[in-house]
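Note that the coordinates shown come from a computational prediction; the quantities given were computed from them, not determined experimentally. The first residue of the sequence shown is numbered 1, and numbering continues consecutively from there.
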Amino acid sequence: MAGDRWIPTTEDELQAALSDRLLVEGHHVDFKKMSAAGDKANLGLAIDLASFAVDGGVIVVGVDEATNPPTASPIRLAGMKERIDQVGRSRVEPPLLVVCHEIPAAAAQSGMGYLVISVPASPMAPHMVDGVYRGRGDSTNIRLSDAEVRRIRDQRRQAEFDIRSILRAEVERDPISGDGRNSGHLFVVAEPVFADAEMLLPVAGEKWREWLSGTFRDRAPRLTAEWAPDISSAFRVVRGQRGWALRSWNGERASAASDREDSALELEVNENGGLRLYSARATDIFRDDVPVIIEVVIFGLAYRVVDWARTIAAESRFVGNWRFGIAVTRISGARSLTIVQRSFMSDAPKFDDDEYEAWTEATYAELDGDPDRVVECLVGRLNRALSDGSLPLPKRA
């Protein structure tokens with residue numbers, strides 16, 4: 001899938017789709033017979049990639065579009081994926097990551113086949129090539145006018161509003177509040193863009209309890225830092241209104257306050273792939289009653305959510321975009337626990353606001369190839385406020 005668009009995965013599927021006109025050139029699809037080498041060809045490829053990055057689409061290399069109907073015309077695959085990745089990173093501004101899938105040709109044509117380039121709608125769109133903003137018309141690449149560039153940027157601002165609304169809704173439904181609350185709390189949300197509302201139903205299947213535990217808890221990757229509570233403590237598996245959940249406490253969601261606040265953690269996985277992570281231990285009290293922010297909890301669980309989004313995308317074959325948001329509440333006056341532990345108190349600046357919020361959008365290619373950048377977008381500003389950015393972010397061990 002490219003977002004919610006079907007793409008072939010075998011030579012037979014490609015040939016049938018072309019013959020039956022199930023796959024035709026248009027706003028979201030383009031065919032290329034052969035991509036020649038050289039600077040001029042790379043420029044043309046960069047323009048293709050940047051043009052599709054506005055609304056997303058698929059470029060199928062190895063199709064002769066001059067025939068009626070278009071016909072499969074396999075190419076030599078060696079080095080093609082690497083070349084396209086390099087063009088997207090070096091000739092497009094800002095750099096663009098795409099996902100390439102090879103379709104091998106018949107066994108008699110060793111090394112030949114077709115390349116399907118999935119270009120997701122980029123959160124950084126519109127992109128430029130040689131100083132010109134590019135977009136896609138009905139079936140051709142176009143130069144974008146100033147008005148079109150403004151329209152696309154307005155749409156991006158609306159997307160930020162959408163993820164902020166989801167994030168604020170999670171903060172408002174904090175199960176521990178009022179007199180039962182003592183600590184700062186963490187909320188991390190992830191939402192696939194334009195995903196099927198029931199995307200995960202076929203993936204979870206009838207054995208959804210085993211799938212939930214195995215995918216998110218039992219096989220959680222080991223990271224370069226440890227903290228508590230982590231997903232390993234979420235022993236209870238429940239079915240909710242929007243999907244499924246792993247919790248560290250017994251009973252209903254509202255009963256979290258009856259357990260120890262510093263052990264409360266919940267991961268909700270919605271049927272559409274959306275994730276909602278809650279931890280009630282974002283802060284603590286250090287010696288001499290100094291409030292501290294436990295940044296390893298915040299950074300580590302943010303990484304987990306980004307990694308789980310990548311896992312969901314891979315299992316459901318969703319290569320569209322994801323939007324992420326993070327909020328840490330009741331942290332005014334708190335300092336970095338790490339800085340306080342290893343240095344003088346004066347070296348640990350106080351956080352001067354009651355909440356921290358950040359949000360970002362990422363393509364599947366970024367989740368798969370550069371998850372650290374996505375995590376940095378979520379927690380980097382908090383890191384800089386607490387330590388001038390010196391605190392290490394957890395990574396895969």
If only atom types and distance count, is the side chain of [X] paired as donor or acceptor with the main-chain N or O of [Y] below 3.5 Å?
X: Glu13; Y: Thr9; answer: yes
X: Arg276; Y: Glu266; answer: no
X: Ser263; Y: Arg260; answer: yes
X: Ser139; Y: Gly26; answer: no
X: Ser255; Y: Asn250; answer: yes
X: Glu25; Y: Phe31; answer: yes
X: Ser390; Y: Ser387; answer: yes

Under a 4.0 Å threshold between the charged nitrogen and the carboxylate oxygen, would [Y] count as salt-bridged to [X]?
X: Arg89; Y: Asp85; value: yes
X: Asp30; Y: Lys32; value: yes
X: Glu191; Y: Arg323; value: no
X: Glu355; Y: Arg168; value: yes
X: Asp307; Y: Arg310; value: yes
X: Arg91; Y: Asp39; value: yes
X: Glu376; Y: Arg384; value: yes

With a 4.5 Å cut-off on side-chain heavy atoms, are [Y] and [X] touching?
X: Tyr278; Y: Leu186; value: no
X: Asp138; Y: Thr140; value: no
X: Ile312; Y: Leu200; value: yes
X: Leu337; Y: Phe286; value: yes
X: Arg281; Y: Pro229; value: yes
X: Cys100; Y: Val116; value: no
X: Leu393; Y: Val379; value: yes
X: Leu382; Y: Glu295; value: no

Atom [atom1] in [X], atom [atom2] in [Y]: separation rounded to 0.5 Å?
X: Asn42; Y: Leu49; atom1: CG; atom2: CG; result: 10.0 Å
X: Asp230; Y: Ser279; atom1: CG; atom2: OG; result: 9.5 Å
X: Arg247; Y: Ser233; atom1: CZ; atom2: OG; result: 13.5 Å
X: Glu102; Y: Leu77; atom1: CD; atom2: CG; result: 4.5 Å

Of the non-hydrogen atoms in [X] and [Y], which two are nearest, and what is the gap between them?
X: Val24; Y: Val29; value: O-CB, 3.3 Å
X: Ile117; Y: Ile84; value: CD1-CD1, 3.4 Å
X: Ser183; Y: Ala280; value: CB-O, 3.6 Å
X: Gly62; Y: Ile75; value: CA-CG2, 3.9 Å
X: Gly333; Y: Lys350; value: O-CG, 3.6 Å
X: Trp211; Y: Ala204; value: CE3-CB, 3.6 Å

| task | In sequence, state the C-alpha distance, the side-chain angles, and the governing distance for Arg164 and Glu357, and then conclude on salt bridge (charged side-chain N to carboxylate O under 4.0 Å, His left out). | result | CA-CA 9 Å; Arg164 288 189 71 186; Glu357 274 191 355; 3.5 Å; yes

| Run the salt bridge (charged side-chain N to carboxylate O under 4.0 Å, His left out) check on Asp55 and Arg136 step by step: do they pass? | CA-CA 8 Å; Asp55 295 319; Arg136 183 80 175 169; over 6 Å; no

| query | Are Trp227 and Phe216 connected, step by step, through hydrophobic side chains (Ile, Leu, Val, Met, Phe, Trp, Tyr) whose heavy atoms are closer than 4.5 Å? | reply | yes

| request: Please answer: with hydrophobic residues joined when any side-chain heavy atoms are less than 4.5 Å apart, are Trp308 and Val203 in the same cluster? | output: yes

Whether over 12 other heavy atoms sit under 6.0 Å from [X] [atom1]:
X: Arg21; atom1: CZ; result: yes
X: Glu252; atom1: CD; result: no
X: Asp388; atom1: CG; result: no
X: Gln241; atom1: CD; result: no
X: Arg143; atom1: CZ; result: no

| message | I'd like to check the side chain to side chain donor-acceptor pair (under 3.5 Å) partners of Glu268; sequence neighbours left out, ordered by chain and number. | response | Arg173, Arg242

| said: Measuring centre to centre across the rings, with the benzene-like ring taken for any Trp, is Tyr133 within less than 6.0 Å of His127? | reply: no

| Are Asp146 and Arg150 close enough, and set up right, to give a salt bridge (charged side-chain N to carboxylate O under 4.0 Å, His left out), and what steps lead you there? | CA-CA 6 Å; Asp146 291 344; Arg150 287 194 295 270; 5.1 Å; no

| task | Any chance you could lay out the salt bridge (charged side-chain N to carboxylate O under 4.0 Å, His left out) test for Arg134 and Asp48, step after step, and finish with the verdict? | result | CA-CA 8 Å; Arg134 298 288 181 171; Asp48 290 334; over 6 Å; no

| message | Is it true that Ser19 and Gln15 share a donor-acceptor pair across their side chains at a distance under 3.5 Å? | response | no

